[in-house]
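Some notes on the structure that comes next.
All chains are named by letter (A, B, ...) in the order of the sequence lines, taking the proteins before the strands, and each is independently numbered beginning at 1. The structure displayed is predicted, hence computed values, not measured ones.
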Number of protein chains: 2
Amino acid sequence: MTTAENILSTLLKDHGYSITSQRLLVFNLLIGQEPMTMHELIDRTNGKIDRASIYRIIGLFDQIGITQRLNIGWKYKIELTDKFAEHHHHLTCLNCHKVIPINKNELEDFIAQLATVQGFTPIDHQVEIQGYCQNCSKKVTKAKLLN
Amino acid sequence: MTTAENILSTLLKDHGYSITSQRLLVFNLLIGQEPMTMHELIDRTNGKIDRASIYRIIGLFDQIGITQRLNIGWKYKIELTDKFAEHHHHLTCLNCHKVIPINKNELEDFIAQLATVQGFTPIDHQVEIQGYCQNCSKKVTKAKLLN
DNA sequence: AGATTATTGCAAATTTGTTGCAATTATTAT
DNA sequence: ATAATAATTGCAACAAATTTGCAATAATCT
């Protein structure tokens, strides 16, 4: 078992979920890779896992902070969270949809960086913050995660 | 014609598109409202516009900078761009998906603001920058916009 | 190892988004 | 104003993405 797999296993157990070969496979397909679409992820499992299960696994991974969705226009890509990779921001090309990661920890650095990024013309940007509002419990009940 | 409708009309004409009742209706359903899903938008047209046309209209609005997509997990909502509303960022609740707009112009202010936002527990955030990379022309040909 | 509980695969359904084409509406040039 | 031209819409069908119920399988607990 790799270090990353150990972290994954702990996260799953701590949240009361089992460690399955499918979950390990999906995880290992994501680690060290560029963010990928659901389609790409499904392709890379080579039919070894059913599509429905992959959706359920990613849904679960999202909920317990293993993966997150990186939004590109109205599509999204999946990537591991900061637990498994450097904190990073992205430049995404409106035209070819290439995702260029920027490894900067501070938002200010990031903004300063902007002007100097070789050849990239920023058109727009968004800051998104996810969390829980006053009215919502921080606790995500397990019931909600499954169908 | 309202001021906003005049800006819309100018934008459409400047890009070589016609002003139609459908486009005006979609625009007016968005103005002054919270960001909404495609589903909500379709609902609010009360069958007055076909779904396919609404998709085409939003696609066009996106391209000429009238609307933009606000990403929430793996869904998105539609909102007017800064041309029609204050520049803003959002807090989105992972649980109820409520979108709380934050009216701050500077990213730094925004980050400082974070700690003080009443009752909101931030879990994660992303900064997304859209633009064009070195390899891609800044020009979006009209041909690409239509089907 | 056997009992219990969670997870998966399968098949079908639903939801979301796209397309071709004829009918309609907007714009342009009389 | 009206006719000609070009753009846009509605319709109906299609395609892709995501979800669901349920029986079969695999993981965990004793």
Discussion item. Among residues 38-51 of chain A, which ones have heavy-atom contacts with DNA chain C below 4.0 Å?
Written reply: A/Lys48, A/Ile49, A/Asp50
Worksheet item: Mapping B/Ser53 and A/Tyr55 to their closest nucleotides on DNA chain D, which lands nearer the 5' end?
Response: B/Ser53
Worksheet item: Partners of A/Lys83 by side-chain contact (heavy atoms from CB on, under 4.5 Å), sequence neighbours excluded?
Response: A/Leu11, A/Thr81
Practice prompt. Find the distance between CD (B/Glu34) and CD (B/Glu79) and round it off to the nearest 0.5 Å.
Written response: 10.0 Å
Worksheet item: Think A/Gln22 has a side-chain N or O under 4.0 angstrom from the OP1 or OP2 of D/dA27?
Response: no
Practice prompt. Measure across B/Ser18 and B/Leu12 and return the closest heavy-atom pair with its distance rounded to 0.1 Å.
Written response: O-CD1, 3.8 Å
Worksheet item: Could you give all pairs that pass the salt bridge (charged side-chain N to carboxylate O under 4.0 Å, His left out) test and reach residues 58-68 of chain B, with sequence neighbours left out?
Response: B/Asp62-B/Arg69
Worksheet item: End-to-end bend of the helix from C/dA1-D/dT30 to C/dT30-D/dA1 (five-pair axes, 10° rounding)?
Response: 50°
Practice prompt. List for me each residue that meets side chain to side chain donor-acceptor pair (under 3.5 Å) alongside B/Asp43, sequence neighbours excluded, and say none if there are none.
Written response: none
Discussion item. Any donor-acceptor pair, under 3.5 Å, between the side chain of B/Arg56 and the base of C/dG17, if you only look at N and O atoms?
Written reply: no
Response to the item:
From CG of B/Leu24 across to P of C/dT25 the rounded distance in Å is 15 Å
Worksheet item: Checking side-chain contact (heavy atoms from CB on, under 4.5 Å) against B/Pro35, which of B/Leu70, B/Leu80, B/Ile78 comes through?
Response: B/Leu70
Worksheet item: Who are the ring-ring contact (aromatic ring centres under 6.0 Å, His included) partners of B/Phe61, not counting sequence neighbours?
Response: none
Item to complete: For B/Lys13, enumerate each residue passing the side-chain contact (heavy atoms from CB on, under 4.5 Å) test, keeping only those at least two apart in sequence or located in another chain.
Response: B/Ile19
Check nucleotides 28-30 of chain D against the protein and report each pair of N or O atoms closer than 3.5 Å, with its distance, or say if there are none.
from: D/dT28; atom 1: OP1; to: A/Ile19; atom 2: N; distance (Å): 3.2

Fill in: Interatomic distance, A/Ile54 CD1 vs D/dT18 C1' [rounded to whole Å]
12 Å
Fill in: side chain to side chain donor-acceptor pair (under 3.5 Å) partners for A/Asn28, two or more places apart
A/Glu5
Worksheet item: Does a nitrogen or oxygen in the side chain of B/Trp74 sit under 4.0 Å from OP1 or OP2 of C/dT16?
Response: no
Item to complete: Could you name each residue pair satisfying ring-ring contact (aromatic ring centres under 6.0 Å, His included) that touches residues 20-54 of chain B, not counting sequence neighbours?
Response: B/Phe27-B/Phe84
Item to complete: Rounded off to whole Å, could you give me the CD1-to-P distance for the A/Ile58 and C/dT7 pair?
Response: 15 Å
Item to complete: May I ask you to evaluate whether B/Arg23 reaches the phosphate of D/dT9, defined as a side-chain N or O under 4.0 Å from OP1 or OP2?
Response: yes
Practice prompt. Would you kindly give the CG-to-P distance between A/Leu25 and C/dT8, to the nearest whole Å?
Written response: 11 Å
Worksheet entry | Residues in side-chain contact (heavy atoms from CB on, under 4.5 Å) contact with B/Thr45, at least two apart in sequence or another chain | B/Leu29, B/Ile49, B/Ile54
